[in-house]
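Once you've had a glance at the structure underneath, I'll fire off some questions.
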Amino acid sequence: MKKIIFSIVFLTIGWATAKAQTFNLGVKAGVNLAKLNSDFASEENRLGYQIGAWARIGGASFYVQPEAYIGSKGNKFISFQQDNGNEVSAEGKVKFTTLDVPVLLGTKFGAKNLNFRLMAGPVISFVLDENSTFSSAYQQATDFDNYKNQALGLQAGAGVDVGSISVDLRYEAGLSNISKSEKYTQKPNLFQLSLGFKIL
């Protein structure tokens, strides 16, 4: 599945580069509101950050935008469900530092110095650091806090460019289970708000 997705992405980038009329390079920073959707526990959103760079390759209306940025995302668990179906209040926290690499396909419309954009595409997140603390009540779920070092997701959103400034709002839905557990599923989901600056 991952090989098929990335083969399509790289072919699209190659096609867009060959047809490109414009090439832009920029930096970005922003905030994330993230959580891990779980089939075992109730959770709350956690605030994180992102900082990195982007490139935009395309023509008058269609573009490809690969990015790379360091970010933090996490989750606060507030309860979990026992095997007998009872819900128990218990706290658990997890925080990831990740290298996120989305490749977005988009369209834009408007004037040169004021345009609006729509975009969507896959993102792969590489876990650089993970820090978790769980109360003793989670000990029955022995592998609940055992995480993989990467996850695959899908981003979609909208943006606006005003001169060299860009603002993006996106939603990221986790496609893969970041938990190593064969019993419990956890998928990262988050909202992103970022401010970018075109340097080229």
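Hydrogens, waters and symmetry mates play no part in the numbers below; they use all other heavy atoms, side chains included.
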Exercise for the section: Determine whether more than 12 heavy atoms belonging to other residues, nucleotides or ligands lie under 6.0 Å from atom CD1 of I51. Expected result: no
Handout entry: Separation of L33 CG from Y171 OH (nearest 0.5 Å)
Key = 11.0 Å
Handout entry: Donor-acceptor contact below 3.5 Å, side chain N24 vs main chain L200
Key = yes
Exercise for the section: Check whether any side-chain heavy atom of M119 lies under 4.5 Å from a side-chain heavy atom of R56, and answer yes or no. Expected result: no
Completion exercise
Looking only at heavy atoms, the pair that brings G74 and R46 closest together is C-CG, 3.7 Å
Problem - Ion pair R170/E67, N-O distance below 4.0 Å - result: yes
Exercise for the section: Check whether any side-chain N or O of S181 sits under 3.5 Å from a backbone N or O of K183 as a donor-acceptor pair, and report yes or no. Expected result: yes
Fill in the blank from the handout: Minimal heavy-atom distance between D168 and V160, with the atoms involved, is OD1-N, 4.5 Å
Handout entry: Any T22 side-chain heavy atom under 4.5 Å of Y63 side chain
Key = no
Exercise for the section: Using the rule that two of Ile, Leu, Val, Met, Phe, Trp, Tyr join whenever any of their side-chain heavy atoms come within less than 4.5 Å, decide whether W54 and I199 are in one cluster. Expected result: no
Handout entry: Interatomic spacing from CG in D129 to CG in L99 - rounded to 0.5 Å
Key = 13.5 Å
Practice task
Measure the spacing between CG of L128 and CG of N149 and express it to the nearest 0.5 Å.
Solution key: 10.0 Å
Exercise for the section: With the side chain counted from C-beta on, respond yes when Y147 and V127 share a heavy-atom pair under 4.5 Å apart, and no when they do not. Expected result: no
Exercise for the section: Output yes when a side-chain donor or acceptor of S179 lies under 3.5 Å from a complementary backbone atom of T185, and no otherwise. Expected result: no
Problem - Any E43 side-chain heavy atom under 4.5 Å of L36 side chain - result: no
Problem - Side-chain heavy-atom pair E172, V123 within 4.5 angstrom cut-off - result: yes
Practice task
State, without any angle test, whether N177 and Y184 hold a side-chain donor-acceptor pair at a distance under 3.5 Å.
Solution key: no
Exercise for the section: Would you confirm whether N189, through its side chain, and K187, through its main-chain N or O, come within 3.5 Å as a donor-acceptor pair? Expected result: yes
Problem - Non-hydrogen atoms of L154 and P122 that approach each other most closely - result: CD1-N, 3.9 Å
Problem - Main-chain N/O of L152 paired with S176 side-chain donor or acceptor, under 3.5 Å - result: yes
Exercise for the section: Decide yes or no for Q155 and Q192: does some side-chain heavy atom of the first lie under 4.5 Å from some side-chain heavy atom of the second? Expected result: yes
Practice task
Apply side-chain contact (heavy atoms from CB on, under 4.5 Å) to I165 and F197, showing your working.
Solution key: CA-CA 5 Å; I165 304 296; F197 182 75; 3.5 Å; yes
Practice task
Mind listing the closest non-hydrogen atom pair of F77 and S38 along with its distance?
Solution key: CE2-CB, 4.1 Å
Handout entry: Check: Y49 main-chain N/O paired with S72 side-chain donor or acceptor under 3.5 Å
Key = yes
Handout entry: Note, V167 side chain near L193 side chain (heavy atom, < 4.5 Å)
Key = yes
Problem - Donor-acceptor under 3.5 Å (S135 side chain, E91 main chain) - result: yes
Handout entry: Test: K108 and D161 ion pair at under 4.0 Å
Key = no
Completion exercise
Between the CZ atom in F96 and the CG atom in N32, the distance rounded to the nearest 0.5 Å is 13.0 Å
Exercise for the section: Please report the closest heavy-atom contact between P188 and Q186, naming both atoms and the distance. Expected result: CD-O, 4.1 Å
Fill in the blank from the handout: Smallest heavy-atom separation, R117 atom then S166 atom, equals NH2-CB, 3.7 Å
